[in-house]
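Here is the structure we will look at.
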Amino acid sequence: MKSDLISLMKPSVVAIKQQDIFKFNARAKKIPGAVNMTVGEPNFHTPEHIKQAAIRAIEDDHTHYTVPEGNHDLLIAVANYLHDKYDLNYDPETQIVATTGVTEGVFSAFNAILQDGDEVLIPSPAFTIYGPDADFNGASPVYLDTSKTDFKVTPDVLAEVLRTNPRIKIFLLNFPSNPTGVSYTEDELRALADILKEHDIFVISDEIYSELTYNFKHVSFGNILPEQMLLLNGLSKSHAMTGWRFGVVCGPAEVISQINKIHELATTSITSITQYAALEAYTNGYDDPKAMQVQYQARRDALYAGLHDMGFECPTPDGAFYLFAKIPEEYNQDDVKFANDLLEEEHLAILPGSFFGIGGEGHLRFSYAASMDSINKCITKLQSFLVRHKKLANIEG
């Protein structure tokens, strides 16, 4: 063969790098007994009634292809759940497609919308898939640094960015946020909507953590700006179903029909067994997230108090299960070195904030989707690390 095979491949794919969070986690897993505060998934098990529904589906031989958008009964259950929980009104016949998690929902939506030269506005720090998904489709991510505004997008800044970047096709908002845990009140969302409705762009709202909120009730952006909104949600976080890979994309019927074309090309349909498990979750699992949410809040408060006592500054999370903490000024502000040294010396794994993009420098992301025992060990190990490095700084000084 005359050519190197890689040279024949799509350049935008070759340019994508393996995500740093995965490489860091791989290192942490090789260290016996390491305390891991990086994992963005519940440490709870899927509720028993959901597992039993999946077992029954297998025993009843519901193991065949389904329609691409998802079984009809499931889509009705999703619509009812979203209506009862968030007062959303989506037609299960035309406005919902079931995807292989929110990850595939983002991928399929971007593929259906973006063209070469488009731009995607992403508040940063942000979950790490959004930018590469834009790059893959020939678009460019435009990262909006929110570190100076308490990790939230403000109307004035949003208006200015949209004014100066006319090629923006999508504004992607994730709330409650991974990695910061911040969320938005109804008034804050309405203020953003007043800006967004003046522009011919899509708004994609990733609300996968909507069931895990602490300080106020979650209000969906889909309620405020339905005409140009695509809502992403699912069961991974709310019902401890990360491995089942279930998500939904909801929005205007004419847009959902186009996204469904990409979805069926990528997957044909999501697994039949997962759909029966999801049907059970949406029908009989309304209260499943509550017990987990109570425990997450207790863990949040314990970890926040421990970090505060050590001099870390971070916003009090409104939801999700992350704390995004600023490294105290007297220590090395290189968050990657800080996290690597912490892993090597204390066998404590915490993700560098810069892995999540602009505005994350000098921060660490802690996941409190971990046991209280792990949280206590984390605090102890971090204290030991800080004491030792403060002494070293004094000696060197």
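Small disclaimer: the values here were computed from a predicted structure and weren't measured. Computation of the quantities below employed the complete heavy-atom set of this structure, encompassing side-chain atoms and omitting hydrogens, waters and symmetry-equivalent molecules.
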For this session: Could you tell me whether R163 and E160 have a side-chain N and a carboxylate O separated by less than 4.0 Å?
Result: yes

Exercise. Is a side-chain donor-acceptor pair under 3.5 Å present for H83 with N89?
Worked result: yes

Exercise. What residues, two or more places apart in sequence or in another chain, satisfy ring-ring contact (aromatic ring centres under 6.0 Å, His included) together with Y286?
Worked result: Y81

Exercise. Counting distance only, does the side-chain N/O of T146 pair as donor-acceptor with the main-chain N or O of T149 below 3.5 Å?
Worked result: no

For this session: Classify the ring geometry between F107 and F136 as parallel (under 30°), tilted (30 to 60°) or perpendicular (over 60°).
Result: tilted

For this session: Return the orientation label for the F127 and Y130 ring planes: parallel under 30°, perpendicular over 60°, tilted otherwise.
Result: perpendicular

Problem set entry | Carboxylate-amine/guanidinium contact E188 K152, below 4.0 Å | yes

Exercise. Between Y276 and H62, how do the two ring planes meet: parallel, tilted or perpendicular, split at 30° and 60°?
Worked result: parallel

Exercise. Hey, does the side chain of T66 reach the backbone of S272 with a donor-acceptor pair shorter than 3.5 angstrom?
Worked result: no

For this session: Return yes if a side-chain donor-acceptor contact under 3.5 Å exists between D135 and S12, otherwise no.
Result: no

Exercise. Any chance the side chains of E346 and S384 put a donor and an acceptor closer than 3.5 Å?
Worked result: yes

Exercise. Same cluster or not: are L351 and I379 linked, directly or through other Ile, Leu, Val, Met, Phe, Trp or Tyr residues, by side-chain heavy atoms under 4.5 angstrom apart?
Worked result: no

Seminar exercise, completed: Correct closest heavy-atom pair for L114 and A134 would be CD1-CA, 4.2 Å

Exercise. Do L88 and I256 sit in the same hydrophobic cluster, where Ile, Leu, Val, Met, Phe, Trp and Tyr count as joined when their side-chain heavy atoms come under 4.5 Å apart?
Worked result: no

Problem set entry | Salt-bridge criterion met for E211 and K85 (N-O under 4.0 Å) | yes

Exercise. Do NZ/NE/NH1/NH2 and the carboxylate oxygens of K197 and E227 come within less than 4.0 Å?
Worked result: no

Exercise. So, are D373 and K377 salt-bridged, with charged N and O less than 4.0 Å apart?
Worked result: yes

For this session: Give the ring-plane orientation class for F175 versus Y184, where under 30° counts as parallel, over 60° as perpendicular and anything between as tilted.
Result: perpendicular

Problem set entry | Aromatic ring proximity, centroids under 6.0 angstrom, Y322 and Y368 | no

Problem set entry | Residues H389 and E345: side-chain donor-acceptor under 3.5 angstrom | yes

For this session: Could you grab the distance from atom CG of N260 to atom CG of L265, nearest 0.5 Å is fine?
Result: 9.5 Å

Exercise. Which heavy-atom pair separates N137 from D133 by the least distance, and what is that distance?
Worked result: ND2-O, 2.9 Å

Seminar exercise, completed: In this structure, CG of N223 is separated from CE of M229 (nearest 0.5 Å) by 10.0 Å

For this session: Could you tell me if the ring centre of F151 sits under 6.0 Å from that of H363?
Result: yes

For this session: Would you confirm whether D118, through its side chain, and Q115, through its main-chain N or O, come within 3.5 Å as a donor-acceptor pair?
Result: yes

Exercise. Would you call K237 and E207 a salt bridge, using N to O less than 4.0 angstrom?
Worked result: no

For this session: Verify whether one side chain among K290 and Q293 offers a donor that lies under 3.5 Å from an acceptor in the other.
Result: no

For this session: Could I get the full list of salt bridge (Lys or Arg N to Asp or Glu O under 4.0 Å) partners for D187, not counting sequence neighbours?
Result: none

For this session: Fit a plane to each ring of Y296 and F321, take the angle between them on a 0 to 90° scale, and name the class: parallel (under 30°), tilted (30 to 60°) or perpendicular (over 60°).
Result: tilted

